[in-house]
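As a basis for the values below, the full set of heavy atoms in this structure was taken, side chains included, without hydrogen atoms, waters or symmetry mates.
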2 protein chains.
Amino acid sequence: MPRAPTTADVFNAIAEPRRRQIVELLARRGALAVGTLVVTLGLPQPAVSKHLGVLRKVGVVAVSKQGRERVYNLEAEKLKTIHDWVKAFAELWGHQLDRIKERAEHRAREQTKSPTPLKPRKGRS
Amino acid sequence: MPRAPTTADVFNAIAEPRRRQIVELLARRGALAVGTLVVTLGLPQPAVSKHLGVLRKVGVVAVSKQGRERVYNLEAEKLKTIHDWVKAFAELWGHQLDRIKERAEHRAREQTKSPTPLKPRKGRS
DNA sequence: CTATGATATTCCCATATGGGAATATGTCAA
DNA sequence: TTGACATATTCCCATATGGGAATATCATAG
């Protein structure tokens with residue numbers, strides 16, 4: 001199986017730096033027309049349109065026709081998926097994670113066979 | 001330019017569902033040997049090793065040799081990058097984002113007066 | 001030493017990529 | 001209508017993918 005399509009989910013969609021930039025821009029400056037994004041990002045228009053297509057497909061942005069322009073706005077709630085995911089690990093870096101780490105599989109399955117023959121010295125001979 | 005390598009940064013690394021699963025497992029159960037991950041994930045060992053390789057390259061996990069096993073542990077701080085990124089948009093979904101949205105490109109010189117969708121005719125009567 | 005267990009690495013391949021270039025579609029102005 | 005502008009879509013291609021299969025590497029037991 002090849003890599004999942006960028007449109008598979010939000011995680012894949014924002015893996016692309018340019019797309020993250022677009023999200024940042026829309027968050028910072030509000031809804032923007034494609035043309036504005038083109039000049040701001042310094043990317044060719046087709047490239048921008050494609051990136052927007054990906055973001056739109058996963059629901060991170062939404063379009064609205066305004067005259068001959070297409071105005072894209074951020075649908076921030078979709079980013080909540082990611083936030084919720086990483087948030088679960090927040091305590092692991094904000095706190096002492098040793099406890100969780102250590103209480104883990106210290107008895108692993110190795111004890112089913114060899115009773116912990118740890119660090120046998122790195123002798124040279 | 002093709003898609004950036006999965007090892008390019010944390011965002012690309014965790015775009016892959018299996019790799020996210022690995023992260024979750026290591027967070028939940030602490031450091032684990034490859035073999036344990038293999039049985040838990042139900043994936044062929046080479047596949048797991050490759051995923052671990054990606055995660056290791058971006059620094060999300062770290063290995064330690066323990067006898068003939070390789071024990072992988074989570075380096076949660078690396079996920080902070082992602083957390084910090086999405087966190088910036090948290091106010092956009094937890095709060096009223098209208099303010100930010102509206103103050104945006106109002107110079108688009110066209111006030112959105114009526115959203116009136118043009119196409120949503122989902123019913124043939 | 002050799003054998004076995006535990007992981008990592010290499011080769012293969014269908015698939016998707018992001019950008020470039022060119023073109024199509026859409027919308028407004030005369 | 002025609003023309004100019006704003007976006008989207010299509011085609012092309014070098015590159016990377018993730019899994020499968022086979023093999024290599026490393027560590028320990030005998």
Between the main-chain N or O of B:Val71 and the side-chain N or O of B:Glu69, is there a donor-acceptor pair closer than 3.5 Å? no

Between P of D:dT28 and CD of B:Gln66, the distance in whole Å: 11 Å

CD of A:Glu69 versus C1' of C:dA29: gap in Å, rounded? 15 Å

B:Leu32 CG to C:dT7 C1', in whole Å, measures 15 Å

Using whole Å, report how far NZ of A:Lys57 lies from C1' of D:dT9. 12 Å

How does protein reach along nucleotides 10-19 of chain C, written 5' to 3' as B (base within reach of a heavy atom under 4.0 Å), S (only sugar-phosphate), or - (no contact)? B----BSBBB

In residues 2-15 of chain A, what donor-acceptor pairs under 3.5 Å come from side-chain atoms, sequence neighbours left out?
unit_1, atom_1, unit_2, atom_2, d
A:Arg3, NH1, B:Ala4, O, 3.4
A:Arg3, NH2, B:Ala4, O, 2.7
A:Asp9, OD1, A:Phe11, N, 3.0
A:Asp9, OD1, A:Asn12, N, 2.8
A:Asp9, OD1, A:Asn12, ND2, 3.0
A:Asp9, OD2, A:Asn12, ND2, 3.4
A:Asn12, ND2, B:Ala15, O, 3.1

Between C:dT7, D:dT9, C:dG5, which nucleotide gets closest to the side-chain atoms of B:Gln45? C:dT7

For the atom pair OH (B:Tyr72) and CG (B:Leu32), what is the distance rounded to the nearest 0.5 Å? 12.0 Å

Residues which pass ring-ring contact (aromatic ring centres under 6.0 Å, His included) with B:His51, listed by chain and number, not counting sequence neighbours: none

Which whole-number value in Å describes the distance from A:Arg70 CZ to C:dT27 C1'? 9 Å

Rounded to whole angstroms, how far apart are CG on B:Leu37 and P on C:dA6? 14 Å

Taken to the nearest whole Å, NZ/B:Lys65 to P/D:dA27 is 8 Å

Ignoring backbone atoms, establish whether A:Tyr72 has a side-chain N or O less than 4.0 Å from OP1 or OP2 of D:dA6. no

Between atom CG in A:Leu52 and atom C1' in D:dT7, what is the gap in whole Å? 10 Å

Donor-acceptor side-chain pairing of B:Trp85 and A:Glu24 below 3.5 angstrom: yes

